[in-house]
2 protein chains.
Amino acid sequence: MDKKTELMKHAVRLFSLKGFHQTSVQEIADATGISKGAFYKHFDSKEILFVHVLKLHHQEIMTEISNSQASFADDSKDIFKKKLAIEIERTLSNHEFFMMVFKDFTLTESETLKDVFMELRQSTITLHKTILLDTYGASIDPFLPDLVAILEGLMQQYIFVLVFEKKQVSISKLVNFITTTIDAVVNNLDCMEPVLTDAYSPASTIAEGFQQLTKKIKASETHQEKLLATLELLKEQVEQENPQEFLIEALLVYLKQFAFIKNEVIYLENFL
Amino acid sequence: MDKKTELMKHAVRLFSLKGFHQTSVQEIADATGISKGAFYKHFDSKEILFVHVLKLHHQEIMTEISNSQASFADDSKDIFKKKLAIEIERTLSNHEFFMMVFKDFTLTESETLKDVFMELRQSTITLHKTILLDTYGASIDPFLPDLVAILEGLMQQYIFVLVFEKKQVSISKLVNFITTTIDAVVNNLDCMEPVLTDAYSPASTIAEGFQQLTKKIKASETHQEKLLATLELLKEQVEQENPQEFLIEALLVYLKQFAFIKNEVIYLENFL
DNA sequence: GTCTATAGGGAGATAGAC
DNA sequence: GTCTATCTCCCTATAGAC
């Protein structure tokens with residue numbers, strides 16, 4: 001194999017593993033078994049190497065999609081699906097590379113930052129689950145993870161496009177569009193099969209809700225004991241055979257007073 | 001204002017501007033008007049400062065959504081829309097900060113890398129426009145940019161979720177889900193108003209198609225002159241009052257033989 | 001709390017011999 | 001083409017005086 005290709009192969013691996021900035025030319029050279037000085041005989045800079053890698057990846061996907069052959073039985077929608085499948089498969093099989101952006105950003109060394117990201121992400125997902133349930137009712141339950149994915153995918157993509165293309169659109173127009181899109185999907189759920197079935201069951205959902213609340217309360221600085229005791233009592237009641245409804249309600253109202261856990265409480269409430 | 005808050009404010013601005021890794025503690029200290037040494041009396045490390053900033057941002061959005069008041073006339077869908085609007089507005093108003101991930105990744109100094117990203121992105125969008133048109137027909141035209149956004153948003157989000165939650169799902173199931181989702185949206189377009197109306201017109205689309213092709217051909221190394229001449233002839237024919245259809249067709253077939261511009265040619269073909 | 005000075009460690013890129 | 005040695009620069013974080 002060509003030394004240039006070999007360098008690129010090792011670069012992809014290292015970039016994927018540690019991110020672009022966190023990978024030094026020295027490491028790439030070491031992995032390939034040449035010196036740093038020799039590296040610069042092949043590529044003028046680390047950045048140019050990266051550009052080559054990027055273009056190669058892109059070209060490979062494009063070529064494969066162009067060359068995908070339709071069989072005679074395929075209608076236009078089958079072809080559509082085939083092309084999507086190629087793009088998704090290819091991206092997934094190089095997913096480390098495409099996730100490099102985040103690797104580069106989150107210093108993988110520190111676990112702290114990763115934990116923070118996870119925590120914030122979980123909190124956002126809970127929020128979205130809650131507002132979807134409140135709006136479309138409990139019948140969407142089996143599709144909840146998928147609908148969250150759709151909602152978040154749409155929001156992120158539109159924000160991205162608006163920022164990058166520097167477009168000005170009215171937020172209300174955008175919100176209406178997204179809502180109508182989700183309406184259309186929800187109305188069509190009968191014909192669909194969920195993709196993100198995370199071993200979904202009411203029991204596990206309730207447990208998850210309690211767990212999140214406990215975590216959040218423990219992470220806070222105020223009223224820890226009081227809130228944990230409340231939560232414990234609530235758990236007892238919920239698990240009892242003859243729960244006292246008024247007590248559960250009262251405890252929920254009480255918990256909701258604390259703004260920093262309000263979303264989590266509302267989420268839990270949906271399943272009780 | 002508290003020095004700690006002041007440091008955070010300047011940090012946000014600088015991180016947004018240059019990315020996390022590209023911003024040094026020295027710069028943050030300078031902006032705040034203190035020395036680097038003093039910085040470390042307030043935050044143990046640059047990373048901890050960043051964690052504080054992240055959490056603050058998140059908390060602000062969450063609090064605002066929790067506190068959003070519904071008026072009496074609001075039904076559940078109005079509330080849904082209000083909450084989405086808050087989230088989108090807030091994210092957009094801090095968009096520099098949320099785009100930091102990319103700032104951090106793409107070295108803003110070098111224009112080369114930015115250009116490459118743009119070029120690849122454009123090429124991907126063209127591909128998606130093409131396959132959407134091929135599948136759903138020319139009637140979706142006014143919604144094309146929106147449908148591309150939906151398609152790309154869905155694909156990216158699912159790839160992200162699958163990778164991050166380390167889930168295994170069959171690609172064909174996912175592809176079916178995405179396709180059915182888009183079906184539902186397309187069937188519902190009558191009730192919708194496009195958001196991304198990029199001064200859309202057939203004429204400008206054709207011009208855009210030609211421009212992309214020219215660019216791509218000029219960027220390549222082989223058959224430049226031949227292909228440019230073909231393109232020029234095609235342009236002439238298209239702009240003529242009585243175009244010779246067989247010639248246009250022949251030229252398109254000829255151009256499509258060159259794999260590296262095949263997608264762009266097919267895209268252009270849709271509008272001729 | 002704030003400063004200056006400095007430790008201590010990479011990084012990207014080049015020079016020049018072989 | 002490949003090596004070693006080196007230049008130059010910038011970084012995070014700390015030490016110690018005030």
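Lettering follows sequence order; numbering is per chain, from 1. Side-chain atoms are counted along with the backbone in the values below, which use heavy atoms only and exclude waters and symmetry mates.
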Exercise. Is there a side-chain contact between A:Glu152 and A:Ile125 (heavy atoms, below 4.5 Å)?
Worked result: yes

Exercise. Relative to B:Tyr254, does B:Lys226 satisfy both conditions: NZ or CZ under 6.0 angstrom from the six-membered ring centre, and within 45 degrees of the ring's axis?
Worked result: no

Exercise. Any side-chain heavy-atom pair from A:His58 and B:Glu119 closer than 4.5 angstrom?
Worked result: no

Exercise. Do B:Glu27 and B:Ser24 have side-chain atoms, one donor and one acceptor, less than 3.5 Å apart?
Worked result: yes

For this session: Take the angle between the ring planes of B:Phe98 and B:His57 and call it parallel below 30°, perpendicular above 60°, tilted in between.
Result: perpendicular

Exercise. Does some side-chain heavy atom of A:Ile171 sit less than 4.5 Å from a side-chain heavy atom of B:Leu92?
Worked result: yes

Problem set entry | Interface residues of residues 6-16 of chain A with DNA chain D (non-hydrogen, below 4.0 angstrom) | none

Exercise. Relative to each other, are the rings of B:Phe260 and B:Phe258 parallel, tilted or perpendicular (30° and 60° limits)?
Worked result: perpendicular

Seminar exercise, completed: Given protein heavy atoms under 4.0 Å, the one-letter contact record of nucleotides 2-17 of chain D, with B base, S sugar-phosphate only and - none, is simply BBB------SBBB---

